[in-house]
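Below is one structure; the comments refer to it alone.
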Number of protein chains: 2
Amino acid sequence: MASNSKNIFKEILKKEGLRYTQQRQLVWDELKNSHDHRDAENIYMCIRNNGLNVSRATVYRTIDVLVKNRLVRKMDVGDGRNRFEPRLNDDHHDHMICQNTGDIIEFFNEELEILQEKIANDLGYTVVRHVHQLFVKPLTK
Amino acid sequence: MASNSKNIFKEILKKEGLRYTQQRQLVWDELKNSHDHRDAENIYMCIRNNGLNVSRATVYRTIDVLVKNRLVRKMDVGDGRNRFEPRLNDDHHDHMICQNTGDIIEFFNEELEILQEKIANDLGYTVVRHVHQLFVKPLTK
DNA sequence: TTCAGGATGAGACTCATTCTCAATAAGGAA
DNA sequence: TTCCTTATTGAGAATGAGTCTCATCCTGAA
């Protein structure tokens, strides 16, 4: 629960040799319960709107730590602003972005994961991470 | 050959209601014979280094037209600078980016293409375009 | 050859993100 | 609990890829 994810966060800071601060906690609080795909500015503004004060620089700096330690996933939707989402349960998925509505739909397909690892292996590589985004339009029937 | 791709280019300009200019041709010349994945600045500098003068703005503007008309493919490698490559033969492929060397390796897998269309279909969509990048490391044996 | 309107170039501008640095605060030591 | 070293913070400047502006130039139809 809440205290659990807080502990995970503290452990990561310790592992990285970083101090536990109010500001870092606020950024993680803001991110960890969101189910959207939010940009840094949105996270910054939400914290501000709660009457709390954290600078943009700190938001970015903290997100970097979270991304590096896989508590948060960073995604490039192609409009110049990165989006972030929590990955507490480490449920890997990829994204479909609807060209009509801008909706972001998550999907996961085991077969796809296996196939891409095989493709890399055949060329002498192993996949460290990947980006797989489908820019789609609704099927019309 | 050369004259052929030149004609394709001219036709596209006409179709778009745009004029054929020296500058546009220079940008297309620079791009069409390259087998690398180059950024806009590189294309701009190469033209300059040949003693020719085309502005950065025109390079970007022309690339937009080429991308829109599928003579050039735009790819986001994740470092903030888009890369471009010609796609005269319209040979679709995806990319593997080696984390150790920065090398960009092209790959194509039919099964993958079919699978992702199926995934989209199952959710009521059809794939317009996609981004599939594998960030890899060499297999050590 | 003419000329209307599209194209260009130089540089200003945008905007997400990063950097700077003086002031602040975490947290180990005593 | 207090002290003190040093990481962290915030405000705003800086960066950098890409876009926009607008006076001037040039294409191409007639």
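So that the names make sense, note that chain A is the first sequence line, chain B the second, and so on, each numbered from 1.
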* Want to settle it: does A:R24 or A:R48 sit nearer the 5' end of DNA chain D, counting the closest nucleotide to each? ->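 The residue whose closest nucleotide sits nearer the 5' end is A:R24.
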State whether the side chain of [X] and the backbone N or O of [Y] hold a donor-acceptor pair below 3.5 Å, judged by distance alone.
X      : Y      : value
A:R73  : A:H93  : yes
A:D36  : A:R38  : no
B:N109 : B:E111 : yes
A:E117 : A:V127 : yes

* Looking at D:dG12, does its base get a donor-acceptor pair with the side chain of A:R56 below 3.5 Å? -> no
* Asked: Hey, are the side chains of B:Y125 and A:L134 touching, using non-hydrogen atoms and a 4.5 Å cut-off?
  -> no
* Does any non-hydrogen side-chain atom of A:M75 lie less than 4.5 Å from one of A:F84? ->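 SC-SC contact between A:F84 and A:M75 ruled out.
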Atom-to-atom span, [atom1] of [X] to [atom2] of [N] - whole angstrom:
X     : N      : atom1 : atom2 : answer
B:F84 : D:dG18 : CZ    : C1'   : 10 Å
A:M45 : C:dA16 : CE    : P     : 13 Å
A:Y20 : C:dG28 : OH    : P     : 14 Å
A:L26 : D:dT8  : CG    : C1'   : 14 Å
B:L52 : C:dT8  : CG    : C1'   : 15 Å
B:I63 : D:dA17 : CD1   : P     : 13 Å
B:Q22 : C:dG9  : CD    : P     : 11 Å
A:Q25 : C:dA26 : CD    : C1'   : 15 Å

Reckon [X] has a side-chain N or O less than 4.0 Å from the OP1 or OP2 of [N]?
X     : N      : result
B:Q23 : C:dA7  : no
B:S55 : C:dT8  : no
B:Y60 : D:dG18 : yes
B:N82 : D:dA17 : no

Which nucleotide in [options] has an atom nearest any side-chain atom of [X]:
X     : options               : value
B:R19 : C:dA7, C:dT18, C:dG27 : C:dA7
A:T21 : D:dT8, C:dG11, C:dT18 : D:dT8
B:D64 : D:dT19, C:dA7, D:dG18 : D:dT19

* Between B:H95 and B:H132, does the ring centre distance come in under 6.0 Å? ->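 So the answer is no for these two rings.
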* To do: Determine the contact category for A:R81: base if any of its heavy atoms lies under 4.0 Å from a base atom, sugar-phosphate if only primed atoms, P, OP1 or OP2 are that close, otherwise nothing.
  => sugar-phosphate
* To do: Quick one: label B:R61 by what it contacts on the DNA or RNA (base, sugar-phosphate, nothing), any heavy atom closer than 4.0 Å.
  =>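 Since a base atom lies under 4.0 Å of B:R61, the category is base.
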* Residues, nucleotides or ligands: over 12 heavy atoms within 6.0 Å of A:K137 NZ ->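 More than 12 heavy atoms, drawn from other residues, nucleotides or ligands, come within 6.0 Å of this atom.
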* May I ask you to list the residues of residues 34-44 of chain A, by number, that have any heavy atom positioned under 4.0 Å from an atom of DNA chain D? =>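 The answer is none.
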